[in-house]
Peer 1: 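Would you mind keeping the following structure in view while I ask a few things?
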Amino acid sequence: MNETSTNNSAYAPYYNSYDDQAIESPILLQYWHAALRHKIMILAIIIMAIAAGFIATLLTTPYYTSTSRIEINREQDKVTNVEGVEASDSASQSLEFYQTQYALLEARSLAERVVRAKNLSSRNEFFETFNIDPDDNGIIIQNNDTQNSAQRQARQKLAVQLLQDNISIEPVRGSSLIDINFSSPSAALSREVTDGWVEQFIASNLDRRFNSTADARVFLEEQLASLREKLEVSERNLTGYADANEIITISEQTSDSGKIVSQRTLSSANLEALNNALADAKADRILAESSVRKNTGGKEVTTSPVLNSLLEERAKMQAEYNRLLVQFEPEYPTAKAISSQIASLSSSIRAEERRLRSSSVNKFREALDRENQLKIEVEKLKGQFINERRDAIQYDIFRREVDTNRQLYESLLQRYKEIGVAGVATNNISIIDKAQIADKPSSPILVLNILLSILAGLGLAAAYVFIMEQIDQTVKETSDLKVKLGISALGSVPDIEKIDILDSLNDRKSVAWEAYLSIRTSLSFLTEHGVPKSFLLTSSRPNEGKSTTAIALAAVLANKKSKILLVDADMRNPSLHKMIGFDNKTGLSNYLSGHDNLQDAIIHNDDFKFDMLSAGPIPPNAAELLGGERMQKLMQKLDENYDVVILDAPPVLGLADIPILANNVEGVIYTIEAGGVKLRDIQSALQRIKSTNALIFGGIVTKVPQSSSGYGYAYQYNYGENKK
């Protein structure tokens, strides 16, 4: 083992202090890279999901939805004065009230009412609409009379289940409105069931309110029967007492509250009438007595029309007679005739006055007799009225009992009637919009199904990517080196063909050149003296980009005017001479076999400015040659003549070459193809290297997809402007 190899441990502390401290990529970025790796399968899954959704939409039976909108008021209008029958809830319980209504609208009992009301369980066309055979006979029974009880119950249960499966209750947010929707393959059936659902909900609401007063009605019925009997007994007692005591009531006067203030009986009415007649008779008697007492006849004389006419006529004749006496003597014939007429009129006046005085006396007597008779009758009625008042005390007792029983009975009867209609006469549920026949299917909706298919496809694709990522235990990016393998990440190389990479190395602005420049920077921090003076590149298996990486690193290191030697140490399957375009007649195998002319085997590459030692002819014993002393001497000699010696070594697995070569260099750089070898194989290979106490500088991830590596962005950012 050479001096360099024996001092590998001296570089380990510096290398460990450097550690690239690889930071794991953000989780979203990892998911994005994983999606890019499986983009073809993701696209295929989404396309299949869309196709499945499209086919399912075409094959799905169209459903028609009818909607009826109702309003449920929190409190109903009070048209009956019934307190205490049902407690009123506070405003804070409105939410609980409406949640209860929503649950009632979806209740199984309501579905059963609709089935019974519409006779759906016996309608074969109802089940045919849903393409269901309710009897499991292969055919639908046409004659309902032949069905037994079990079949009818099964049909009833199935009909109820169909209604519950296809009904939906949708409250209108921020209001007391509720939409009731029913969907079925028949537009007419949807409207029929929706309307029936609303009707039965209203009916069930009224039934619940009516049934809630059943106990109160039973109690009131018993009380009414007892009060009715008491009222009848009290009324019979009142009537019997009135008949026995001849108490005949003509009229009654009541207060605003209905209480009897006063009443008129037959006795009181008669007494009142006779008393009024007595007062009139007394007045007539006084008037007649006053007329008799007057000497001139009184009021009747002065008011007699006959007497007044005679007096007026006599006055005229007297005036005429007095006028004639002025001119003639009393014996004058005309005056004498007028005097005779005056005497005749005076005689008639005296006769009329006598007649009038006789009439006044007769009227006085008649008035006096009438007054006396009325006094007698009034005194009789007073006695009867006094007796009646004594009897009225007991009569009022019977009457108050009748009134009390009647008021109780009527009040209880009114309460009974109000309880019977409380919550029933009025309804807090009103229909805003009745259901209409749908003119187009509500489902399936092609656009919605396609969108759902896309979402389902994305979900399946995400699940596929997740599963595949879990199954695919490979290295995909540089962050996996530290996290999964425990080695440092020196860099990564985009997935470019070998020829393209070699061509791009001539372009100092290419993506490949930038990638290897980054790796060269990482190499400069590996040891105290910068880039290791010697290191080998290996991999787990062939074709992981190991040889390409060796050429590229030699090229970028030689670009710093360093003296670089690239050695093809893979004598089992040499490839560097083919890639660069040199022959392989003389090389490493010749020197290790005993030929001392090393300079003849080293070839200078003018394109990349580094020297190369090809593998030479393939020997039959490559491991023995690599493990001999000449290999150690060769490495010592090369270290003296070159700044950096790079060995393109064979893969690790299945070969003994790497454990032998690893002790002849400062360290090992491990190349790993992105998405290639499984982690367990890489770990096994690394363990073989570590078992020889060789130092592993780190790893390089090759063939990283450019879409997930970020090289395109870096190239555009650094050099895009210069190409304009």
Side-chain angles (χ1 to χ4, degrees), residues 73-90 93 97 202-273 381 384-430:
N73 294 319
R74 180 65 184 87
E75 293 183 358
Q76 64 183 16
D77 298 332
K78 294 183 178 180
V79 297
T80 58
N81 186 19
V82 181
E83 299 179 355
V85 175
E86 184 176 354
S88 59
D89 296 333
S90 62
Q93 293 176 314
F97 169 79
I202 295 175
S204 65
N205 184 58
L206 296 177
D207 289 345
R208 284 194 304 274
R209 295 187 177 187
F210 185 79
N211 293 333
S212 65
T213 62
D215 294 338
R217 290 200 308 274
V218 172
F219 173 76
L220 290 179
E221 286 173 356
E222 295 175 354
Q223 295 299 315
L224 282 172
S226 176
L227 281 176
R228 188 186 305 111
E229 184 178 353
K230 290 182 180 180
L231 178 60
E232 292 173 355
V233 172
S234 60
E235 286 178 341
R236 282 195 295 269
N237 292 337
L238 177 63
T239 303
Y241 184 81
D243 293 342
N245 294 276
E246 297 182 351
I247 300 175
I248 302 174
T249 302
I250 297 177
S251 63
E252 294 178 343
Q253 184 178 358
T254 59
S255 63
D256 295 337
S257 61
K259 183 178 180 180
I260 297 176
V261 178
S262 63
Q263 64 179 4
R264 293 184 64 194
T265 63
L266 183 59
S267 297
S268 62
N270 290 338
L271 180 59
E272 182 181 359
L381 286 177
Q384 293 179 3
F385 184 71
I386 292 172
N387 293 332
E388 189 178 84
R389 287 183 63 182
R390 286 195 298 267
D391 297 336
I393 296 174
Q394 184 62 37
Y395 178 81
D396 288 341
I397 294 174
F398 284 122
R399 187 181 63 187
R400 283 195 298 271
E401 184 179 1
V402 171
D403 292 342
T404 302
N405 290 336
R406 180 179 290 111
Q407 289 176 359
L408 288 174
Y409 179 78
E410 290 177 352
S411 176
L412 212 57
L413 181 61
Q414 180 65 23
R415 183 65 175 267
Y416 178 78
K417 291 179 179 178
E418 289 178 345
I419 288 178
V421 298
V424 178
T426 59
N427 185 23
N428 65 331
I429 303 172
S430 57

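Nothing here was measured: the structure is a model prediction, and the numbers come from that model. Numbers here simply count residues along the sequence, with the first being 1.
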Peer 1: Can you sort out the partners of Arg236 under side chain to side chain donor-acceptor pair (under 3.5 Å), two or more places apart, ordered by chain and number?
Peer 2: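 With neighbours one apart ignored, the set is empty.
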Peer 1: Using every non-hydrogen atom in the two residues, find where Ile429 and Ile202 come nearest and quote the distance to one decimal.
Peer 2: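 Heavy-atom minimum between the residues: CG2-CG1, 3.7 Å.
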Peer 1: Run the side chain to side chain contact (heavy atoms under 4.5 Å, CB included) test against Leu224 and tell me which residues pass, sequence neighbours left out.
Peer 2: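 For Leu224 the side chain to side chain contact (heavy atoms under 4.5 Å, CB included) partners, ignoring immediate neighbours, are Arg228, Tyr409, Leu412, Leu413, Tyr416.
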Peer 1: Using modelled atom types only, decide if a donor and an acceptor are shared between the side chain of Thr404 and the backbone of Arg400 within a distance under 3.5 Å.
Peer 2: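 Answer holds: yes.
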Peer 1: Work out which heavy atom in Ser234 is nearest to a heavy atom in Asn405; give both atom names and the distance.
Peer 2: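 Heavy atoms of Ser234 and Asn405 come nearest at OG-ND2, 3.3 Å.
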Peer 1: Would you compute the distance between atom CD of Glu410 and atom CG of Asp403 and round it to the nearest 0.5 angstrom?
Peer 2: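 The distance works out to 9.5 Å.
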Peer 1: What residues form a side chain to side chain donor-acceptor pair (under 3.5 Å) with Asp207, not counting sequence neighbours?
Peer 2: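 Arg113.
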Peer 1: Not counting sequence neighbours, which residues clear side chain to side chain donor-acceptor pair (under 3.5 Å) with Glu235? List them please.
Peer 2: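 With sequence neighbours excluded, Glu235 shows a side chain to side chain donor-acceptor pair (under 3.5 Å) to Arg406, given in chain and number order.
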Peer 1: Taking the side chain as everything from C-beta on, heavy atoms only, tell me whether Asn428 gets closer than 4.5 Å to Asn205.
Peer 2: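 With C-beta onward as the side chain, the pair touches.
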Peer 1: Please identify each residue that fulfils side chain to side chain contact (heavy atoms under 4.5 Å, CB included) with Ser226, with sequence neighbours left out.
Peer 2: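 Here the qualifying residues are Lys230.
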Peer 1: For Glu232, give me all partners under side chain to side chain donor-acceptor pair (under 3.5 Å), at least two apart in sequence or on another chain.
Peer 2: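 Side chain to side chain donor-acceptor pair (under 3.5 Å) list for Glu232, sorted by chain: empty.
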